[in-house]
Number of protein chains: 2
Amino acid sequence: MSTADRLIESTQDLLWERGYVGTSPKAIQQRAGAGQGSMYHHFSGKPDLALAAIRRTAEQMRATAEACFSASGTAYDRIRAYLLREREVLRGCPIGRLTMDPDIIADPELREPVTETLDWLRARLAQIVAEGVERGEFDAGLDPERTAASVVATIQGGYVVARAAGSTAPFDAAVQGLLDLLATRAPRRPAP
Amino acid sequence: MSTADRLIESTQDLLWERGYVGTSPKAIQQRAGAGQGSMYHHFSGKPDLALAAIRRTAEQMRATAEACFSASGTAYDRIRAYLLREREVLRGCPIGRLTMDPDIIADPELREPVTETLDWLRARLAQIVAEGVERGEFDAGLDPERTAASVVATIQGGYVVARAAGSTAPFDAAVQGLLDLLATRAPRRPAP
DNA sequence: GTCTATATTCGGATAGAC
DNA sequence: GTCTATCCGAATATAGAC
């Protein structure tokens with residue numbers, strides 16, 4: 001792997017763990033096994049490197065989610081698969097956490113991939129719910145946009161309560177609570 | 001207001017806005033209109049002051065929530081009131097955001113009020129759901145713990161998606177989505 | 001109780017040699 | 001491309017005068 005790649009990967013890790021404000025160029029260099037000069041040769045500075053790292057993380061997150069969304073099964077099944085997919089719950093969401101970083105939110109360029117990713121996620125879920133309603137897999141009364149927003153919020157908030165508790169239990173409970181509620185709105189489809 | 005109080009209040013604001021890592025003693029002093037010596041006279045350092053601030057914020061948050069919980073109405077009504085209560089959505093949750101602060105999570109003393117507050121919130125909501133089920137205000141099948149976890153996660157995650165979007169809309173949608181789902185499980189109670 | 005001076009380390013970067 | 005030297009201001013305090 002190239003030095004630039006190692007720098008980006010180290011930055012991804014540190015942003016996930018400590019956020020933007022809590023991540024120093026020196027820490028990045030040490031984790032990547034690269035010197036100062038090397039870092040400033042490949043990137044113009046901390047914001048530039050952070051941007052590359054955030055973009056890469058966003059891309060990976062979309063790919064992981066899309067794998068669940070495009071699987072086979074009913075709308076409910078696919079949403080369920082997404083909610084229950086394996087996660088490193090106690091590390092939190094590498095994109096969602098950036099939302100609490102004032103320097104990220106204040107900088108339009110750094111913020112853009114964060115906004116973009118969570119917007120995409122909601123829209124994609126809304127699309128799946130809408131499909132489900134159309135096919136009779138969900139009750140007609142279920143609002144796609146609202147439901148999608150609830151799914152994303154449950155995940156993001158699940159990370160928060162899990163980290164507060166120091167345990168994945170509250171995350172799992174929140175997800176199960178939502179699935180219980182959603183299941184009620186997913187009638188067994190009558191055989192054709 | 002005393003100097004110590006102004007220092008605590010300034011710290012509350014800054015922790016909310018910038019987190020622990022992003023908040024410097026100097027910034028606190030300036031906002032409070034106090035000098036270095038003054039701050040170090042009243043508090044042993046940044047962690048000590050932060051602890052006082054976090055405890056105060058936690059106390060205020062519990063009081064605000066309890067006002068909704070102890071109001072009159074059915075269990076659904078009270079949960080609804082809590083979900084819809086006025087919030088400064090784009091500022092996020094002053095307690096929940098600390099969850100992403102590595103230095104807070106790593107320090108048991110600083111972390112304790114955060115854990116405590118969110119644990120209390122979930123337990124209190126579970127109690128309300130359980131009451132509702134008992135009184136027939138909610139379906140018998142509704143799991144109190146899971147449902148409570150979903151409510152807290154929806155709020156916490158709602159803040160995340162709202163900050164990402166730069167708009168309160170996703171927060172409101174997530175809350176409405178959850179309320180839609182919950183309403184289905186709250187049958188109109190037959191007149192006695 | 002509050003102020004000013006001083007100290008140490010870190011954050012974030014530039015310059016120039018190799 | 002990578003390394004070392006150097007720079008300047010901020011972060012987080014301590015010491016001692018008033």
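Atoms considered below: every heavy atom in the structure, side chains included; atoms not considered: hydrogens, waters and symmetry mates. Letters go in sequence order (proteins before strands), and every chain restarts at 1.
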Send over the distance from [X] [atom1] to [N] [atom2], rounded to a whole Å.
X: L7(B); N: dG1(C); atom1: CG; atom2: C1'; answer: 12 Å
X: D103(B); N: dA11(D); atom1: CG; atom2: C1'; answer: 13 Å
X: K26(A); N: dA10(D); atom1: NZ; atom2: P; answer: 18 Å
X: H42(B); N: dA13(D); atom1: NE2; atom2: P; answer: 17 Å
X: I28(B); N: dA10(D); atom1: CD1; atom2: C1'; answer: 14 Å
X: F43(B); N: dT14(D); atom1: CZ; atom2: C1'; answer: 19 Å
X: Q29(A); N: dA5(D); atom1: CD; atom2: C1'; answer: 14 Å

Set of salt bridge (charged side-chain N to carboxylate O under 4.0 Å, His left out) partners for [X], sequence neighbours left out:
X: R111(B); answer: none
X: E66(A); answer: R124(A)
X: E88(B); answer: R91(B)

Which donor-acceptor pairs under 3.5 Å do side chains of residues 161-183 of chain A form with protein atoms, sequence neighbours excluded?
{"from": "R163(A)", "atom 1": "NE", "to": "T99(B)", "atom 2": "O", "distance (Å)": "2.8"}
{"from": "R163(A)", "atom 1": "NH1", "to": "L90(A)", "atom 2": "O", "distance (Å)": "2.8"}
{"from": "R163(A)", "atom 1": "NH2", "to": "T99(B)", "atom 2": "O", "distance (Å)": "3.1"}
{"from": "S167(A)", "atom 1": "OG", "to": "A169(A)", "atom 2": "N", "distance (Å)": "2.9"}
{"from": "D180(A)", "atom 1": "OD1", "to": "R146(B)", "atom 2": "NH1", "distance (Å)": "3.3"}
{"from": "D180(A)", "atom 1": "OD2", "to": "R146(B)", "atom 2": "NH1", "distance (Å)": "3.0"}

What does the B/S/- profile of nucleotides 12-18 of chain C look like, 5' to 3', with a 4.0 Å heavy-atom cutoff to protein?
SBB----

T3(A) side chain near dG1(D) phosphate (N/O to OP1/OP2, under 4.0 Å)
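Answer is no, no contact under 4.0 Å.
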
Salt bridge check: are E131(B) and R135(B) linked by an N-O gap of less than 4.0 Å?
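Here E131(B) pairs with R135(B) in a salt bridge, since their nearest N and O are under 4.0 Å apart.
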
Can you give the donor-acceptor pairs under 3.5 Å from side chains of residues 31-45 of chain A to other protein atoms, not counting sequence neighbours?
none

